[in-house]
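Throughout, residue positions are numbered sequentially from 1 according to the sequence presented. As the structure lists them, so they are numbered: ligands from 1, and atoms in each ligand from 1.
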Amino acid sequence: MSHSAEPLPMTARRSGPLTGEAKVPGDKSISHRALILGALAVGETRITGLLEGQDVLDTAAAMRAFGAQVERLGEGEWRVTGVGVGGFAEPQGVIDCGNSGTGVRLIMGAMATTAISATFTGDASLCGRPMGRVTDPLELFGAQVTAREGKRLPLTIQGAADPLPVRYKTPVASAQIKSAVLLAGLNAPGETVVIESEPTRDHTERMLAGFGASIRTETTDEGQVITLQGRPELKPQPVAVPRDPSSAAFPVAAALIVPGSEIRVPGVSRNPTRDGLYVTLLEMGADIRFENQREEGGEPVADLVVRHGPLKGVTVPPERAASMIDEFPILSVIACFAEGTTVMQGVHELRVKESDRIEAMATGLVANGASVETTPDTMTVHGKGGLTGGATCATHLDHRIAMSFLVAGLASQQPVTVDDGGPIATSFPDFLPLMRGLGARID
Ligand SMILES: O=C(O)C1=C[C@@H](OP(=O)(O)O)[C@@H](O)[C@H](O)C1
Ligand SMILES: C=C(OP(=O)(O)O)C(=O)O
């Protein structure tokens, strides 16, 4: 839902050693997909560990609006009774996806090849984000899109009555575009093919295979070629959602920069398409151990043990960007506490997230005493082993910007304030109690 709630300022102060266990919430990407595929399966899908953040709750509400039964049975435990591929009903009202790019883009894909019409909207942040990257390929299936100038929300899609399968090369590395096309391809006859030059998170492919779709990925000279056979009957599967590596990044970063810290973060997904931050941190010399590596719910997971220690600057190559796309804000904070220069390359996509994350981080970090340079596609931080702090940072309705600056405040000389911590509830509703439980001073 789009909120017009009062801003919720929050302040983080220099803290003593962080210790204990950080049970971060379920993976946001997998949670959205579990609800959507559950709604497209025939029968009952049981989900455990679902992230109950606002982004995912908005997707749950949308699935109800399209005719699925979606019930909360207990904490993180949900039941979805699906309507089958092509079985979505026309929703009565506007579909409000709040702050969630993943929610709106995947749902637009899922309905675009069914002969129904739906209007989508979101909050001020989401209404500023580009949607043409998804509606353009959906038009190739035969869907009709009515959008205002610049292809932004609110927009209306009339789904194709007689969809054609599509072969589509994604113009930017984006799992949301890939997933929207694959979900649309579910109700098109024949083979839908997506080609991506850089691999992106593969949760949609894994889950589609788990629900019985015929889908294969081949690596060719063009990149990754993903081929889906249309019109499968999706069979419900139990989905155990692993803990979110993008949320884990915040307590992990806090433990790395607050002297004397040692924390444990259990059951975090180590899917290689999401692992770039952890690869980078090891290169920076971070003391992180991966214990009990195992498979849970079709995803590799591990328990992380993280200790404070010295860090050095590194260069993050552009080909790693997709595997850590949501982690650059917090990496830019960690880089301030390292010695030496960290260069983040190939990060232009950060400019079209919930906010322009390059601009938001650079402005707030510089106000707190950092030395940062940016270009359209790079961000460079000259690490000085710490931050002075003392400034208030604008979060621009962006949960990751809010959490990044609060983590920075835990190790800065002076407190760091964010103008609005409200959006944290979109992805990490228990961020404050979890961080306080480790010893963080945030109020
Ligand atoms: O598919 C997904 O679940 C996501 C894909 C990424 O977006 P893009 O596909 O726009 O890169 C990421 O930033 C977002 O938080 C979640
Ligand atoms: C970019 C993000 O999410 P979305 O695109 O789903 O809004 C994020 O969670 O960092």
For this session: Would you mind checking if Arg33 and Glu205 are paired as a salt bridge, meaning a charged N to carboxylate O distance below 4.0 Å?
Result: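 Arg33 and Glu205: not salt-bridged.
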
Exercise. Got a salt bridge between Asp398 and Arg357, using NZ or NE/NH1/NH2 to carboxylate O under 4.0 Å?
Worked result: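 Salt bridge flag = yes for Arg357 with Asp398.
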
Ligand-side contact atoms (ligand 1) for residue partner [X], heavy atom cut-off under 4.0 Å:
X	answer
Asp326	12 (C), 13 (O), 14 (C), 15 (O)
Ser174	8 (P), 9 (O), 10 (O), 11 (O)
Ile325	12 (C), 13 (O)
Thr102	2 (C), 3 (O), 4 (C), 14 (C), 16 (C)

Donor-acceptor check, side chain of [X] to backbone of [Y], threshold 3.5 angstrom: yes or no?
X	Y	value
Ser174	Ile177	yes
Asp244	Lys28	yes
Arg231	Asn187	yes
Arg64	Gln69	no

For this session: Tell me, yes or no, whether the heavy-atom count around Gln144 atom CD, taken from other residues, nucleotides or ligands under 6.0 Å, exceeds 12.
Result: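 Counting neighbours around CD of Gln144, 12 or fewer heavy atoms of other residues, nucleotides or ligands fall under 6.0 Å, so no.
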
Exercise. More than 12 non-hydrogen atoms from neighbouring residues, nucleotides or ligands closer than 6.0 Å to CD on Gln293, yes or no?
Worked result: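 Count over threshold, so yes.
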
Problem set entry | Which atom of Ile257 lies closest to which atom of Ala408, heavy atoms considered |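 Taking every non-hydrogen atom into account, CD1-CA, 4.5 Å.
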
For this session: Heavy atoms only: give me the nearest Val265-Val252 pair and the separation to one decimal.
Result: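 Residues Val265 and Val252, closest heavy atoms: CG2-CG2, 4.1 Å.
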
Of the backbone atoms (N, CA, C, O) and the side-chain heavy atoms from C-beta on, which set of [X] has a member under 4.0 Å from an atom of ligand 2: side chain, backbone, both, or neither?
X	value
Glu349	neither
Asp326	side chain
Asn99	backbone

So do the side chains of [X] and [Y] get within less than 4.5 Å of each other, counting heavy atoms only?
X	Y	answer
Glu319	Gln345	no
Thr11	Asp443	yes
Asp275	Met324	no

Polar atom proximity, [X] to ligand 2 (N or O, under 3.5 Å):
X	result
Lys353	no
Arg400	yes
His32	no
Asp55	no
Gly103	no

Can you list the ligand 2 atoms lying under 4.0 Å from a non-hydrogen atom of [X]?
X	answer
Arg129	4 (P), 5 (O), 7 (O)
His399	8 (C), 9 (O), 10 (O)
Arg357	1 (C), 8 (C), 10 (O)
Gly101	4 (P), 5 (O), 6 (O), 7 (O)
Gln176	4 (P), 5 (O), 6 (O)

Cut-off 3.5 Å, side chains only: do [X] and [Y] have a donor facing an acceptor?
X	Y	answer
Thr204	Lys178	no
Gln176	Thr102	yes
His396	Glu359	no

Do me a favour and list the nearest non-hydrogen protein atom to [atom] with residue, atom name and distance?
atom	value
atom 4 (C) of ligand 1	Gln176 NE2, 3.6 Å
atom 6 (O) of ligand 2	Thr102 OG1, 2.5 Å
atom 1 (O) of ligand 1	Arg33 NH2, 2.6 Å
atom 9 (O) of ligand 2	Lys28 NZ, 2.6 Å
atom 3 (O) of ligand 2	Glu354 OE2, 3.0 Å

Exercise. Applying a strict 4.0 Å limit to heavy atoms, is Lys353 in contact with ligand 1?
Worked result: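 Yes, that is the case, since the closest heavy atom of the residue is under 4.0 Å from the ligand.
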
Report yes if some N/O of [X] lies less than 3.5 Å from some N/O of ligand 1; otherwise report no.
X	value
Glu349	no
Ala175	yes
Ser29	yes

Problem set entry | Any Ser100 heavy atom less than 4.0 Å from ligand 2 |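 Within the 4.0 Å threshold, so yes.
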
Exercise. What part of Lys178 sits under 4.0 Å from ligand 1 if we count only heavy atoms: the side chain, the backbone, both or neither?
Worked result: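 It is neither; nothing of Lys178 touches ligand 1.
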
Exercise. Taking heavy atoms and a distance under 4.0 Å, where does His203 meet ligand 1: side chain, backbone, both or neither?
Worked result: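 Within the 4.0 Å criterion, His203 makes no contact with ligand 1.
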
Exercise. Distance under 6.0 Å and angle within 45° of the ring axis: does Arg270 meet both against Phe290?
Worked result: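 The answer is yes, since Arg270 meets both limits relative to Phe290.
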
